[in-house]
Amino acid sequence: MLVVLTAMPIGFLWHQSAVRIVHHTIENIYQHASQAVINHLDEFFTDANKVYEHQERIQSELSEVVKDRTALLHHITNVLNHHDEIDYFYFGNMEGGLLSAGHQGNKRYFLIETENGKAGQLNHFESDHFGSKGELINSTANFDVRTKQWFQNATKVAYPVWSNIYAGAFDPSLLGITLSKAQRDDNGKLLGVWGLDLTLNTVIQELSKSKLSEHGDVVLFYKNQVILASTSKSHQPKGGALTKISHSTAPILNKLINEDHNKGNSLLLVEHKGQEWAGFITDYTLAKSDLVKIAFYSPMTDFAPELVTAQRVAILLTIILVIIAILLGRKAAGHIRTPIQSLTQAAEQISQGRWGSQIAITRDDDLGTLAKSFNKMQHNLELTIHKLDSQQQETKRLNALLAQQNQELEARVKERTQALSTANAKLQQMAYFDALTGIANRRYFWQQLDEKCIYHRGWLLILDIDNFKHINDAYGHLEGDNILKHFTATCLAVLPEKCLFGRIGGEEFALWLADLSRKEVEAITQTLLTALIQTPYRNDGISVVISTSIGASRCTANPQKSYAVADKLLYEAKLGGKNRAVIELDD
């Protein structure tokens, strides 16, 4: 009973402690993963608004551009090629006509436009990234862009506005969301509406980057339990209709939602087909208008299969040891009981006066026989005690073996905890640093810049690699990525130590410098430009001289205003022939 009462609580407490550690670690992983997804989605939708922020500065030029098809198509393809997250960019005029360019992936491009630039037949062509008209894919009659909801919504306000999610005109299974903005001339006359599309396929690609295990999934869904995007193929839209969460369409997700009950950022555990699943649900505001939820879930065996096996082995071993201890105890009790009864009978005979003080004397009468029996009983008792000592040593050996196995199990738990901590660190690296160049990503750079501008004055420099699109076209995207890494390494080699350097776009970088004089900033930019020219990228017979254009402005407590100034100066550097820096003049 002592073995049972000791072993069972210890085994139970160890098991519960190990389970709590695993659950807490998985919950931390899910929290970091959800933040990483939110950061990716924020960048995803922020990039769309950035297009209209750039266009706001050239409103007068755009008023003329929209009147000429060639200039309009050039502007549309230029924006599309500089913003990978955008799937389609287009303009609808006041005559019901539409001119649109788009792409799927990095290789297939499309041109969509109405005939004669007016309402009527809408044609869908193969194209390239310059918008050249290729083979006709299909057409639709009686198209009038003025009847579209996104067009009408944009004409009512002066700022960009998001549409509801809707099916594509040519492919109903391709669902998307539109950010549209009206174009007016200097007198306020409405000239048409700009529109850009983000498809849910692109959102799914973002979610796939955050899957935590082979058999797990990440799902983005409305509060009314309609799935917007999912890494699971079984959740994909069918016939242009989104999948509704139910026990038949998404059984695990349905159980997690029922278990959630607005717990908020807590680990959820459900059973499905005899297997335990761990899940996590958090809120996200999609496109700054629709409140949706992000759900992660994976089978527990994906996180700690060795721990589950070890737990089962430990429980089985504890049960076996308890059974062995009970059997040995019963056997030992039998060995002890017999000599005790004999001793009791002998003591009873002596207490009755049938055994004298000379009981140790050997005699041939009944008293001698009793003495001999008593002595023999003592001898048997001694043998029994020796046996009990041996059994006690065996019990100690078994306890030591159990303690050793517990230590080994604790070591495995510690090793698994260390692995999960390493995974947490990796997720943090993914959330704050650019995966290609290793420097601060867009979100982390702006976050750090906001903090620095509170306490320090400095300079904000915007760098854009010259002719990077042509480099990509000439040498391929793999070499393009290597050139981005080479550019980053060259910059870091000559930049001051106490600076903030980050990648905020495809080939666009940002640099914060402590408060220096304009002459010192000019010297730093000249050193950087010279280093790039003197250090061309070389690989397997390829040699590419890299240059960059730089816009530099004083960075005050309003970084957004400083960015607008630096971006404008960058534009001047580009117009001035590139490979140069334009620095804001002193007050």
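A donor-acceptor contact shorter than 3.5 Å links the side chain of Asp144 to the backbone of Arg146. A donor-acceptor contact shorter than 3.5 Å is absent between the side chain of Thr282 and the backbone of Ile294. A side-chain donor-acceptor contact under 3.5 Å links Trp459 to the backbone of Leu516. At least one donor-acceptor pair closer than 3.5 Å links the side chain of Thr548 to the backbone N or O of Asp464. Thr178 contributes no side-chain N or O that, together with a main-chain N or O of Ser180, makes up a donor-acceptor pair within less than 3.5 Å. Formation of a donor-acceptor pair under 3.5 Å by the Asn472 side chain with backbone atoms of Tyr475 is not found in this model. Formation of a donor-acceptor pair under 3.5 Å by the Arg580 side chain with backbone atoms of Lys578 is found in this model. No donor-acceptor pair under 3.5 Å is formed between the side chain of Arg554 and the backbone N or O of Glu584. Under a 3.5 Å cut-off, the side chain of Asn81 and the backbone N or O of Thr77 do form a donor-acceptor pair. In this structure a side-chain-to-backbone donor-acceptor pair under 3.5 Å is present from Asn93 to Gly117.
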Query raised in the report: When you look at Thr231 and Asp217, which way does the side chain to side chain donor-acceptor pair (under 3.5 Å) test go after all the steps?
Result: CA-CA 6 Å; Thr231 58; Asp217 283 304; 2.8 Å; yes
**Report entry** CA sep, side-chain torsions, deciding dist, call: Glu522, Lys519, salt bridge (charged side-chain N to carboxylate O under 4.0 Å, His left out)
**Finding:** CA-CA 5 Å; Glu522 183 177 357; Lys519 183 174 292 184; over 6 Å; no
Query raised in the report: Yes or no on side-chain contact (heavy atoms from CB on, under 4.5 Å) for Tyr52 and Leu196, after CA distance, side-chain angles and deciding distance?
Result: CA-CA 10 Å; Tyr52 292 125; Leu196 57 84; 3.9 Å; yes
Requested in this report: Please lay out, stage by stage, how Phe125 and Asn123 fare under the test side-chain contact (heavy atoms from CB on, under 4.5 Å).
Outcome: CA-CA 7 Å; Phe125 299 94; Asn123 298 319; 3.3 Å; yes
Query - Check against side-chain contact (heavy atoms from CB on, under 4.5 Å), Leu198 and Ile86 - result: CA-CA 5 Å; Leu198 305 175; Ile86 297 174; 4.3 Å; yes
Requested in this report: Determine, step by step, whether Val219 and Ser232 satisfy the side-chain contact (heavy atoms from CB on, under 4.5 Å) criterion, reporting the C-alpha distance in whole Å, the side-chain angles of both residues, the deciding distance to 0.1 Å, and the verdict.
Outcome: CA-CA 8 Å; Val219 181; Ser232 173; 5.9 Å; no
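Closest approach of Ala531 to Val494, counting heavy atoms only: CB-CG1, 3.9 Å. Scanning all heavy atoms of the two residues, the minimum distance from Cys555 to Cys453 falls at SG-SG, 3.0 Å. When every heavy atom of Ser549 is checked against every heavy atom of Leu570, the shortest pair comes out as O-CD1, 3.1 Å. The heavy-atom pair separating Gly131 from Leu111 by the smallest distance is O-CD2, 3.6 Å. Scanning both residues, Ala154 and Ala182, for their nearest heavy atoms gives O-CB, 3.5 Å. The heavy-atom pair separating Leu461 from Ala552 by the smallest distance is CG-CB, 3.7 Å.
Annotation: the span from Thr556 atom OG1 to Lys561 atom NZ amounts to 7.0 Å, rounded to 0.5 Å. The distance from the CG atom of Leu500 to the CD1 atom of Ile439 is 9.0 Å, given to the nearest 0.5 Å. Interatomic distance, Leu98 CG to Phe151 CZ, rounded to the nearest 0.5 Å: 10.0 Å. The structure places CZ of Arg184 at 13.0 Å from CG of Asp186, a figure rounded to the nearest 0.5 Å. Atoms CD and OG1, from Gln534 and Thr490 in turn, are 11.0 Å apart once rounded to the nearest 0.5 Å. A distance of 8.0 Å separates CG in Leu529 from OG in Ser547, rounded to the nearest 0.5 Å.
Annotation for Lys181: atom NZ counts as buried by contact number, over 12 foreign heavy atoms lying within 6.0 Å. For NE2 of His54, the number of neighbouring non-hydrogen atoms (other residues, nucleotides, ligands) closer than 6.0 Å is greater than 12. The number of heavy-atom neighbours closer than 6.0 Å to CD of Gln560, taken from other residues, nucleotides and ligands shown, is above 12. Counting heavy atoms of neighbouring residues, nucleotides and ligands inside a 6.0 Å radius, atom CG of Asn558 exceeds 12 of them.
A 4.5 Å side-chain heavy-atom check between Ile550 and Leu528 finds at least one atom pair inside the cut-off. Side-chain contact between Pro559 and Leu460 is absent, with no heavy atoms from C-beta onward closer than 4.5 Å. Residues Ile465 and Phe509 have side chains in contact (heavy-atom distance under 4.5 Å, counting atoms from C-beta outward). Residues Ile137 and Phe110 form a side-chain contact, since some pair of their non-hydrogen atoms from C-beta on lies under 4.5 Å apart. No side-chain heavy atom of Ile76 sits less than 4.5 Å from a side-chain heavy atom of Ser100. By the 4.5 Å heavy-atom criterion applied to side chains, Lys469 and His82 are not counted as neighbours. Contact annotation: the side chain of Ile29 never approaches that of Phe296 to less than 4.5 Å [non-hydrogen atoms, C-beta and beyond]. Under the 4.5 Å side-chain criterion, counting only non-hydrogen atoms from C-beta, Tyr563 is in contact with Ile504.
A salt bridge links Asp434 with Arg503: the closest approach of a Lys/Arg side-chain nitrogen to an acidic carboxylate oxygen falls below 4.0 angstrom. Salt bridge status for Arg108 with Glu126: present, with a side-chain N to carboxylate O gap under 4.0 Å. Glu53 and Lys50 are not joined by a salt bridge, as no carboxylate oxygen comes within less than 4.0 angstrom of a charged side-chain nitrogen. Looking at Arg442 and Glu508, no side-chain N of the basic residue comes within less than 4.0 Å of a carboxylate O on the acidic one, giving no salt bridge. Salt bridge Lys485/Asp481: absent, no basic N to carboxylate O contact under 4.0 Å.
In this structure, a donor-acceptor pair under 3.5 Å is present between the side chains of Tyr537 and Glu479.
Between Phe89 and Trp194, the ring planes are parallel. Angles under 30° get that label, and only those over 60° would be called perpendicular.
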